[in-house]
Asker: 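Dumping the structure here so I can ask a few things about it.
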Amino acid sequence: MFCRKRARGSLKTVVKCLPNAAKKDNRSFTIMVLPHSGEKAISFPLRVSWLRMGAAVLTVIALTVSALCVRYARMSVSAARYQSELSRLRSENSTQKTLLDDYENEAVETRSRLDRLKILDKQIRELMDREKAVLPARSGESQSMERPRAEKIALVEVSRDGAGVRRAGLFSPLIEEARIREESLLSLQDDLKDTIAFLRAKPSIIPTVGPITSGFGYRRSPVSRSRTEFHEGVDIGAPYGSPIRATGDGVVTLSGYYGGLGKTVVIDHGYGIKSWYGHCCRLDVRQGEKIPRDKVIAYVGSSGLSTGPHLHYQITVNGKCVDPREFFEADEVYKAQ
Amino acid sequence: MFGKKDGPERSDKIETIIGQDTEFKGTITSSGGIRLDGRVEGEINCKGDVIIGETATVMANIRGRSVTLAGEVKGNIDTEGKLELATTARLTGDIKVASLTVEDGALFRGASDMKKDGKDLVPKMSSLPNPKP
């Protein structure tokens with residue numbers, strides 16, 4: 001600031017001097033140097049105009065020098081600022097570097113966790129498949145649905161593990177992986193809903209409390225005694241009037257007499273599964289009614305071709321008879337015995 | 001360098017110059033310093049210092065507080081202080097000085113006498129000890 005003020009002052013002087021210098025000034029003088037020893041004297045004859053010119057030149061030089069000084073001072077100030085900024089940036093850089101390392105570690109951690117998620121995903125799918133595998137027809141269908149998807153994910157993983165892809169970005173493969181996982185989990189959620197619906201619908205409890213008096217398969221006919229016949233379900237011995245419960249969610253397709261089975265309820269559980277309840281004394285549901293599992297639908301009786309009060313429980317999958325015991329949950333089987 | 005010189009009211013300033021291309025005849029009387037570079041004939045009476053440059057030719061008797069001589073002088077020199085003869089000095093004449101410096105190469109032809117505090121020191125030749133044979 002001080003320097004600038006001074007510089008302006010000198011400029012004024014120059015401006016004042018210049019018109020005088022422009023006029024021809026012939027005054028002159030001599031500067032002599034007289035040594036006090038006997039050496040030669042030196043004299044400098046000078047003109048005032050020269051002096052003025054010299055003064056102007058000196059002023060210009062002084063101005064330039066002062067301007068340079070100001071510039072230098074500013075530069076040194078800014079240099080100091082840059083220096084401090086540089087050191088600040090350096091420290092920032094180092095902290096960022098450590099941060100980046102942390103991120104990399106986290107990315108690696110995330111990757112391993114995602115891998116574990118992938119395994120878990122696979123395991124859940126396997127579990128679900130195993131649950132559905134009870135149904136031969138159904139499992140075939142589900143396998144064709146599930147397997148390709150799992151394969152697809154695995155294929156994507158393989159290509160993503162390539163070193164070239166990894167260099168492209170730290171997190172983008174992870175994000176991609178997470179996206180795939182999300183899609184997979186969403187589909188898994190849908191599958192799970194299906195599975196839950198299926199498990200709700202699937203006959204899986206013992207319809208009435210009592211021992212299995214006659215199993216599935218060939219047996220001697222209880223009516224004629226002399227012949228063997230194919231028993232299409234199981235007989236559960238229970239006192240007259242014991243409540244019969246629906247073994248799974250479904251819709252009543254028949255509630256009435258059905259030949260030798262007498263008073264019979266048939267529930268369609270979907271997935272091609274139907275359950276039959278025969279020889280009832282009383283029916284509590286109507287055709288077309290939606291039934292949840294565990295709802296009492298009828299009572300044990302001895303209607304139709306029967307030798308005493310019992311429940312004939314039969315399951316058909318796509319019209320074919322299967323052993324209902326395969327459908328009982330482990331605890332239910334235990335309870336039955 | 002800037003220490004006080006001996007002698008009171010000493011004027012170190014040179015007030016009068018006889019330039020190289022100048023010839024002067026007459027008597028110069030001055031209480032300030034004089035520098036001579038040209039030709040001078042006559043007499044110089046000065047209370048200050050007298051400096052005689054290389055190019056000077058002086059035919060005069062010179063009195064001064066001190067004299068520095070680098071040129072040519074024909075005449076007697078009398079100083080209160082010292083007389084310095086530079087290498088280029090050519091002096092023909094008698095001197096009476098308080099102190100004398102002669103540089104190598106200076107020319108001096110004449111009698112020399114010393115004085116102290118303005119008084120002549122005239123040693124009596126008879127008082128000098130006889131040189132033993």
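In the text below, chain A, chain B and the rest are named by the order of the sequence lines, each starting its count at 1. Treat the numbers as computed from the prediction; the structure is a model and nothing was measured.
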Asker: Which bit of B:Leu36 is near chain A, if near means a heavy-atom gap under 4.5 Å: side chain, backbone, both or neither?
Answerer: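 Nothing of B:Leu36, per the 4.5 Å heavy-atom cut-off to chain A.
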Asker: For B:Leu91, run the side chain to side chain contact (heavy atoms under 4.5 Å, CB included) check against B:Ile77, B:Val67, B:Val58 and tell me which one passes.
Answerer: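 Testing each of B:Ile77, B:Val67, B:Val58 against B:Leu91, the sole residue satisfying side chain to side chain contact (heavy atoms under 4.5 Å, CB included) is B:Ile77.
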Asker: Side chains of B:Lys82 and B:Leu100, heavy atoms from C-beta outward: is any pair under 4.5 Å?
Answerer: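 No, every pair of side-chain atoms sits at 4.5 Å or beyond.
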Asker: Okay, side chain of A:Ser184, backbone of A:Ile180: is any donor-acceptor separation there less than 3.5 Å?
Answerer: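 Checked: no pair found.
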Asker: Tell me, out of B:Glu84, B:Gln20, B:Arg35, who's got the most heavy-atom pairs with chain A below 4.5 Å.
Answerer: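 So the answer, after comparing B:Glu84, B:Gln20, B:Arg35, is B:Arg35.
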Asker: Determine yes or no for a side-chain-to-main-chain donor-acceptor pair under 3.5 angstrom, with B:Asn61 supplying the side chain and B:Asn76 the backbone.
Answerer: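 It does hold such a pair.
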Asker: Please classify the contact between B:Ile52 and chain A as side chain, backbone, both or neither, with a heavy-atom cut-off of under 4.5 Å.
Answerer: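 Just its backbone gets close to chain A.
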